[in-house]
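Encoded as structure tokens, the structure appears first; notes follow it.
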Amino acid sequence: MTLRHFLAALAVAVLVTGCGSGPARRITPSQVSIQQLVADASGTWKVTLRIQNYSTVTMRYASLHGTLHIAGVDVGSIDLAPTDLDIPANSADVIDATVHASAKLPAGDIEYRISGTIATSEPKNDFKFDRSSRLSPAPGLPGTWR
């Protein structure tokens with residue numbers, strides 16, 4: 001093997017080794033939305049929240065603090081400290097919360113807004129979220145909106 005061949009092989013090896021660092025770690029703010037809302041006769045609401053992890057790494061969620069607005073009216077707060085809630089990269093999961101509502105729900109579609117802060121413990125970060133959407137009554141399920 002000549003010196004020229006040896007140097008060419010070494011250059012190729014260095015280039016290939018430099019490409020082996022793996023995919024980039026992108027941390028993107030997580031988002032929160034309501035997947036389902038169930039109201040009981042006592043005025044307590046069970047809210048199923050969907051947490052979307054848009055990052056390229058698994059996120060471990062430590063806390064969620066938010067305010068729920070229905071038709072522009074502040075109806076209650078949500079404070080959660082989930083344990084063992086890890087959401088893989090580019091995935092979502094749901095978590096339930098209880099809201100002691102200060103308003104009654106209309107019979108038809110509901111416009112909602114949920115805003116607040118969600119914190120992760122691994123990697124350590126805080127994200128603000130603000131989501132507006134609508135929920136519709138679920139057919140055959142009284143007191144349920146999706």
Thr58 side chain reached by Pro88 side chain, heavy atoms, under 4.5 Å: yes

Sequence neighbours excluded, which residues qualify as side chain to side chain donor-acceptor pair (under 3.5 Å) partners of Ser42? Asp40, Thr44

Distance from Asp93 atom CG to Leu49 atom CG, nearest 0.5 Å? 11.5 Å

Check the pair Asn53 / Ser91 against side-chain hydrogen bond (donor to acceptor under 3.5 Å, both in side chains), numbers first and verdict last. CA-CA 5 Å; Asn53 175 13; Ser91 297; over 6 Å; no

If Ile, Leu, Val, Met, Phe, Trp and Tyr residues are connected whenever their side-chain heavy atoms lie under 4.5 Å apart, and connections chain through other members, are Leu80 and Met59 in the same group? yes

Approximate separation, where rounding is to 0.5 Å, of Ser133 OG and Tyr112 OH: 4.5 Å

Starting at CD of Gln31, measure out to CD of Gln52 and round the result to the nearest 0.5 Å. 9.0 Å

Please report the C-alpha distance between Ile110 and Arg134 in whole Å, then the side-chain angles of each, then the deciding distance to 0.1 Å, and finally whether the side chain to side chain contact (heavy atoms under 4.5 Å, CB included) criterion is met. CA-CA 5 Å; Ile110 299 170; Arg134 39 185 338 102; over 6 Å; no

My understanding is that only residues two or more places apart in sequence, or in another chain, count here; which of them pass salt bridge (charged side-chain N to carboxylate O under 4.0 Å, His left out) with Glu122? none

Between Ile51 and Ile87, is there a side-chain heavy-atom distance shorter than 4.5 Å? yes

Sequence neighbours left out, what passes salt bridge (charged side-chain N to carboxylate O under 4.0 Å, His left out) with Asp126? Give chain and number order. none

Can you give me every donor-acceptor pair (side chain of residues 135-146, partner residue at least two apart or in another chain, under 3.5 Å) with its distance?
residue, atom, partner, partner atom, Å
Ser136, OG, Asp109, OD1, 3.0
Trp145, NE1, Gly108, O, 2.9
Arg146, NE, Gln36, OE1, 2.6
Arg146, NH2, Gln36, OE1, 2.9

Verify the cluster assignment for Ile114 and Val38: are they in a single hydrophobic cluster under the rule of side-chain heavy atoms below 4.5 Å apart? no

Arg26 side chain near Ser55 side chain, heavy-atom distance below 4.5 Å: no

According to a hydrophobic-cluster definition based on side-chain heavy atoms being under 4.5 Å apart (Ile, Leu, Val, Met, Phe, Trp, Tyr only), do Val75 and Leu105 belong together? yes

Counting N and O atoms only, with roles assigned by atom type, does the side chain of Thr56 sit under 3.5 Å from a partner on the main chain of Ala24, one being a donor and the other an acceptor? yes

All side chain to side chain donor-acceptor pair (under 3.5 Å) counterparts of Asn90, not counting sequence neighbours: none

So with a 6.0 Å cut-off around CZ of Arg25, is the heavy-atom count from everything else above 12? no

Expected list for residues 60-71: side-chain donor-acceptor pairs under 3.5 angstrom, two or more places apart:
residue, atom, partner, partner atom, Å
Arg60, NE, Asp86, OD1, 2.7
Arg60, NH2, Asp86, OD2, 2.8
Tyr61, OH, Ser30, OG, 2.7
His65, ND1, Asp79, OD1, 2.6

Sequence neighbours left out, what passes side chain to side chain donor-acceptor pair (under 3.5 Å) with Asp130? Give chain and number order. Arg113

Test of understanding: clusters of I, L, V, M, F, W, Y form through side-chain heavy atoms closer than 4.5 Å, transitively. Do Tyr54 and Ile118 belong to the same one? no

Name all residues meeting the side chain to side chain donor-acceptor pair (under 3.5 Å) criterion together with Arg131; count only those two or more places apart in sequence or in a different chain, and write none if there are none. none

Quick one: list whatever passes salt bridge (charged side-chain N to carboxylate O under 4.0 Å, His left out) with Asp74, sequence neighbours left out. none

Measure the OG1-NZ distance between Thr117 and Lys128 for me, rounded to the nearest 0.5 Å. 4.0 Å

Residues in side-chain contact (heavy atoms from CB on, under 4.5 Å) contact with Pro29, at least two apart in sequence or another chain: Phe127

Side-chain (Thr120) to main-chain (Pro123) donor-acceptor, under 3.5 angstrom: yes

